[in-house]
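The residues of the chain are indexed from 1 along the displayed sequence. Given the structure is predicted, the values throughout are model-derived calculations rather than measurements.
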Amino acid sequence: IYTLSLHDALPISVFQLEGVARSWWNVIRLKWEREQTPRTWVNFMREFNAKYVPPLTQEKKKDEFIRLRQGTQTVTEYESQFTWLSKFTPELIVTEQRRIRLFFQGLNVEIQKDLAVAQHNTFSDAVEKAQRVESARLQVRNFQAKKRDISESSLEQGDKSTAPKLGRGVGGVRIPGISRGASQGGS
């Protein structure tokens with residue numbers, strides 16, 4: 001999966017428009033030229049949402065985006081939802097660094113801690129690092145669970161295979177002809 005930078009998203013998206021959407025874009029492009037509006041992803045999404053997404057839906061999606069947290073999702077699932085909802089709130093992710101920061105704020109705290117000192121230049125780089133941390137943490141958890149299972153099963157097996165202890169100081173060396181508990185030397 002390739003994640004587009006905000007800079008690349010606009011020309012690629014515009015290239016994909018057809019029919020009525022292409023006509024709409026031509027009108028917006030002329031309007032921007034007349035008003036000297038910069039051709040940015042944020043401006044495009046603002047215009048697109050105003051035309052094709054009802055205001056109530058925009059508000060609901062914006063609220064979902066603001067409240068979005070990783071929770072029990074994988075990093076990949078969280079990133080997918082983050083990217084989808086961010087389309088409705090372009091003003092919140094006007095720069096790549098802001099997008100990365102908002103993404104990190106929604107990650108689980110354990111992953112956030114491991115990523116705190118890392119340098120993140122692009123959103124896709126940040127997502128990849130978060131996925132690596134998640135994978136490493138999962139491997140550690142699985143290793144610890146296996147280790148715990150092995151030690152628990154060896155304790156259970158050990159209880160069945162060892163002879164019960166008979167008391168303090170008893171056991172160890174057996175002397176032929178003398179039974180346990182019998183007094184030695186007649187005293």
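- Using a 4.5 Å cut-off on side-chain heavy atoms (C-beta onward), Leu102 and Phe65 make contact.
- At a threshold of 4.5 Å between side-chain heavy atoms, the hydrophobic network of Ile, Leu, Val, Met, Phe, Trp and Tyr places Val20 and Met45 in one connected group.
- Between atom CZ of residue Phe88 and atom CD of residue Glu59 there is a gap of 12.5 Å, rounded to the nearest 0.5 Å.
- Contacts classified as salt bridge (Lys or Arg N to Asp or Glu O under 4.0 Å) and involving residues 13-29 (residues at least two apart or in different chains) are given here: Arg29-Glu33.
- Between the CD atom of Glu128 and the OG atom of Ser124 there is a distance of 7.5 Å, given to the nearest 0.5 Å.
- Distance check: Gln112 CD to Gln105 CD gives 7.5 Å after rounding to the nearest 0.5 Å.
- Of all non-hydrogen atoms in Ala130 and Leu107, the two that sit nearest each other are CB-CD1, 4.1 Å.
- Centroid-to-centroid, the aromatic rings of Phe82 and Phe123 come within less than 6.0 Å.
- Annotation for Asn108 and Gln70: closest pair N-OE1, 3.0 Å, computed over non-hydrogen atoms.
- Once rounded to the nearest 0.5 Å, the distance linking OG of Ser86 with CZ of Arg98 reads 12.5 Å.
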Salt bridge (charged side-chain N to carboxylate O under 4.0 Å, His left out) assessment of Lys60 paired with Glu64
CA-CA 6 Å; Lys60 281 183 173 180; Glu64 279 182 57; over 6 Å; no
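- No side-chain heavy atom of Phe44 sits less than 4.5 Å from a side-chain heavy atom of Ile28.
- Contact between Ala21 and Tyr52 at its shortest, heavy atoms only, is CA-OH, 3.8 Å.
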Verdict with reasoning, Val94 to Trp41, per side-chain contact (heavy atoms from CB on, under 4.5 Å)
CA-CA 8 Å; Val94 291; Trp41 180 249; over 6 Å; no
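- Between the side chains of Asn26 and Ser23, no donor-acceptor pair of N or O atoms lies under 3.5 Å.
- Between the side chains of Thr76 and Gln131, at least one donor N or O lies within less than 3.5 Å of an accepting N or O.
- The shortest heavy-atom contact between Glu134 and Gln73 is OE2-O, 4.3 Å.
- No more than 12 heavy atoms of other residues, nucleotides or ligands sit less than 6.0 Å from atom CZ of Phe143.
- Taking each heavy atom of His120 and Lys129 in turn, the nearest pair found is ND1-CD, 3.6 Å.
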Pair Thr74-Tyr78, side-chain contact (heavy atoms from CB on, under 4.5 Å): steps then yes or no:
CA-CA 6 Å; Thr74 65; Tyr78 166 66; over 6 Å; no
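- Annotation: side chain of Pro90 is in contact with side chain of Asn49 (closest heavy-atom distance under 4.5 Å).
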Residue pair Phe48, Trp25: steps toward the ring pair (Phe, Tyr, Trp, His ring centres under 6.0 Å) verdict:
CA-CA 9 Å; Phe48 183 88; Trp25 169 245; over 10 Å; no
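- Remark: of the listed residues Val75, Leu68, Ile93, Thr83, Val75 is the sole one forming a side chain to side chain contact (heavy atoms under 4.5 Å, CB included) with Phe103.
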Are Glu96 and Arg101 close enough, and set up right, to give a salt bridge (charged side-chain N to carboxylate O under 4.0 Å, His left out), and what steps lead you there?
CA-CA 9 Å; Glu96 190 83 354; Arg101 188 167 63 244; over 6 Å; no
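- For the side chain to side chain contact (heavy atoms under 4.5 Å, CB included) criterion with Ile66, the lone passing option out of Thr89, Leu85, Leu92 is Leu92.
- Residues Leu17 and Trp32 fall within the same hydrophobic cluster, defined by Ile, Leu, Val, Met, Phe, Trp and Tyr side chains chained together at heavy-atom separations under 4.5 Å.
- Each salt bridge (Lys or Arg N to Asp or Glu O under 4.0 Å) pair with one or both residues in residues 45-54, not counting sequence neighbours, appears once here: Lys31-Glu47.
- Between Leu115 and Val133 there is a side-chain heavy-atom pair separated by less than 4.5 Å.
- Interatomic distance, OG1 of Thr122 versus CD1 of Ile100, reported as 6.0 Å (0.5 Å rounding).
- Here salt bridge (Lys or Arg N to Asp or Glu O under 4.0 Å) pairs that include residues 104-121, with residues two or more places apart or in two chains, are Asp114-Arg137.
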